[in-house]
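Being a predicted model, the structure only gives us computed values, none of them experimental.
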Amino acid sequence: MMKNFVFILLALLFAVSSCKKEGRVIYEVQQQELYQNASEKKNLKTTAQFIAIAYSDLFNSSITNTELNKLDIAYQAFGDKHVLEDMIIKNFLARGSSTIPTDIAMRADVNVFIEEAYLRFFNRKPNEFESWKMKDLVEKNSDITPQMVFYSLMTSDEYRYY
């Protein structure tokens, strides 16, 4: 009986000592410095970075590991990287869950739309020529959609670098 009592006491002590509340983890967001122009970007994104960043830019969430692995394997196996990047971006843009402004919102304030798109995809503000050219293109062509603007930015050479 004494052995049972000691065993139960030890089991209780072990149970009590092993139950510790985890500390609260706090993440801080670091300030991001914007690029002044495209020439400051010197590092080519890896395939996984390109896919993950494109997904994050369009859906405001992280891509699942399963989907990232599938796309990364296809990306690595395909010879022409630009063609596959094109297909990945088109696929992402065609999904209904992407966070793309409506055509009405884009045309309501073209300047804001362009600046937000450049910040979103290039991590910089457009220079005066880029802003003027994109605004001119959107205002003179009613067929231009936000998806087309996003597609053009995401398939540009600058988007491949950070």
Side-chain angles (χ1 to χ4, degrees), residues 22 24-162:
E22 288 188 27
R24 185 173 178 195
V25 178
I26 299 174
Y27 296 97
E28 293 183 25
V29 178
Q30 295 179 345
Q31 291 292 326
Q32 182 75 23
E33 189 170 325
L34 299 178
Y35 291 106
Q36 296 302 312
N37 58 49
S39 66
E40 294 178 21
K41 298 178 180 183
K42 307 230 184 282
N43 301 312
L44 184 64
K45 293 174 185 170
T46 65
T47 58
Q49 286 174 330
F50 177 83
I51 295 166
I53 292 169
Y55 189 93
S56 177
D57 284 345
L58 289 174
F59 299 100
N60 291 331
S61 66
S62 298
I63 191 169
T64 64
N65 283 335
T66 305
E67 187 172 11
L68 178 61
N69 287 336
K70 286 179 184 177
L71 290 171
D72 192 36
I73 289 168
Y75 193 102
Q76 295 295 336
F78 203 76
D80 189 346
K81 303 300 183 209
H82 292 289
V83 171
L84 197 61
E85 288 170 1
D86 179 72
M87 292 170 62
I88 290 169
I89 299 302
K90 281 182 180 178
N91 177 281
F92 286 170
L93 288 169
R95 294 183 188 180
S97 58
S98 58
T99 55
I100 301 173
T102 64
D103 192 62
I104 294 168
M106 174 182 73
R107 294 183 189 285
D109 196 342
V110 178
N111 289 327
V112 169
F113 171 78
I114 293 166
E115 185 170 314
E116 287 176 354
Y118 268 76
L119 286 170
R120 184 178 193 173
F121 299 118
F122 295 155
N123 200 27
R124 67 176 180 86
K125 292 183 178 183
N127 64 35
E128 286 185 34
F129 177 75
E130 291 167 330
S131 187
W132 171 81
K133 184 64 179 169
M134 189 68 75
K135 182 178 179 183
D136 186 57
L137 181 72
V138 170
E139 289 179 343
K140 289 184 177 177
N141 298 291
S142 60
D143 294 338
I144 299 290
T145 65
Q147 288 86 351
M148 291 175 169
V149 174
F150 282 17
Y151 173 80
S152 68
L153 295 175
M154 294 179 78
T155 56
S156 70
D157 285 336
E158 183 177 349
Y159 190 71
R160 292 182 180 92
Y161 288 84
Y162 66 94

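When atom types are taken as modelled, the side chain of Arg107 and the backbone of Val138 share a donor-acceptor pair closer than 3.5 angstrom. Although no hydrogens or angles enter the test, the distance criterion places no donor-acceptor pair under 3.5 Å between the side chain of Asp136 and the main chain of Trp132. Between the side chain of Asn141 and the main chain of Leu137, a donor-acceptor pair closer than 3.5 Å is present. Looking at Thr99, its side chain does come within 3.5 Å of a backbone N or O of Leu58 through a donor-acceptor pair.
Of the candidates Phe150, Phe50, Tyr55, Phe92 forms a ring pair (Phe, Tyr, Trp, His ring centres under 6.0 Å) with just one, namely Tyr55.
If you take NZ on Lys133 and CG on Asn127, they are separated by 13.0 Å, rounding to the nearest 0.5 Å. Taken to the nearest 0.5 Å, the CD atom of Glu67 stands 12.0 Å off from the OG atom of Ser62. Of the inter-residue distances, the one linking Ile51 atom CD1 with Lys70 atom NZ reads 13.0 Å to the nearest 0.5 angstrom. The line from CG of Leu71 to CE of Met87 is 10.0 Å long, rounded to the nearest 0.5 Å. In this structure, OG on Ser152 lies 11.5 Å from CD1 on Ile89, to the nearest 0.5 angstrom.
Under the 4.5 Å side-chain criterion, counting only non-hydrogen atoms from C-beta, Thr102 is not in contact with Pro146. With contacts defined as side-chain heavy-atom distances shorter than 4.5 Å, the pair Tyr118/Leu153 qualifies. By the 4.5 Å heavy-atom criterion applied to side chains, Asn111 and Met134 are not counted as neighbours. For the pair Glu115 and Pro126, the minimum side-chain heavy-atom distance is below 4.5 Å. Looking at Lys90 and Leu93, their side chains never come closer than 4.5 Å, going by heavy atoms from C-beta outward. Put simply, the side chain of Phe113 reaches to within 4.5 Å of the side chain of Met106, judged on heavy atoms.
Across Val112 and Asp109, no two heavy atoms sit closer than the pair CG2-OD2, 3.0 Å. Shortest non-hydrogen contact noted between Asp157 and His82 is OD1-CE1, 4.2 Å.
There is a side-chain donor-acceptor pair under 3.5 Å between Thr47 and Asp72. Side-chain N/O atoms of Asn123 and Tyr162 include no donor and acceptor closer than 3.5 Å.
Electrostatic pairing of Lys45 and Glu158 does not count as a salt bridge here, judged by no charged N lying under 4.0 Å from a carboxylate O. Under the 4.0 Å criterion applied to side-chain N and carboxylate O atoms, Arg160 and Glu85 are assigned as salt-bridge partners. Between Glu130 and Arg124, at least one side-chain nitrogen of the basic residue sits less than 4.0 Å from a carboxylate oxygen of the acidic one, meeting the salt-bridge criterion.
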(message) Please evaluate residues Ser156 and Phe121 with respect to the criterion side-chain contact (heavy atoms from CB on, under 4.5 Å), reporting the C-alpha separation (whole Å), side-chain torsions for both, the decisive distance (0.1 Å), and the verdict.
(response) CA-CA 10 Å; Ser156 70; Phe121 299 118; over 6 Å; no
(request) Any chance you could lay out the side-chain contact (heavy atoms from CB on, under 4.5 Å) test for Ile100 and Arg95, step after step, and finish with the verdict? (result) CA-CA 10 Å; Ile100 301 173; Arg95 294 183 188 180; over 6 Å; no
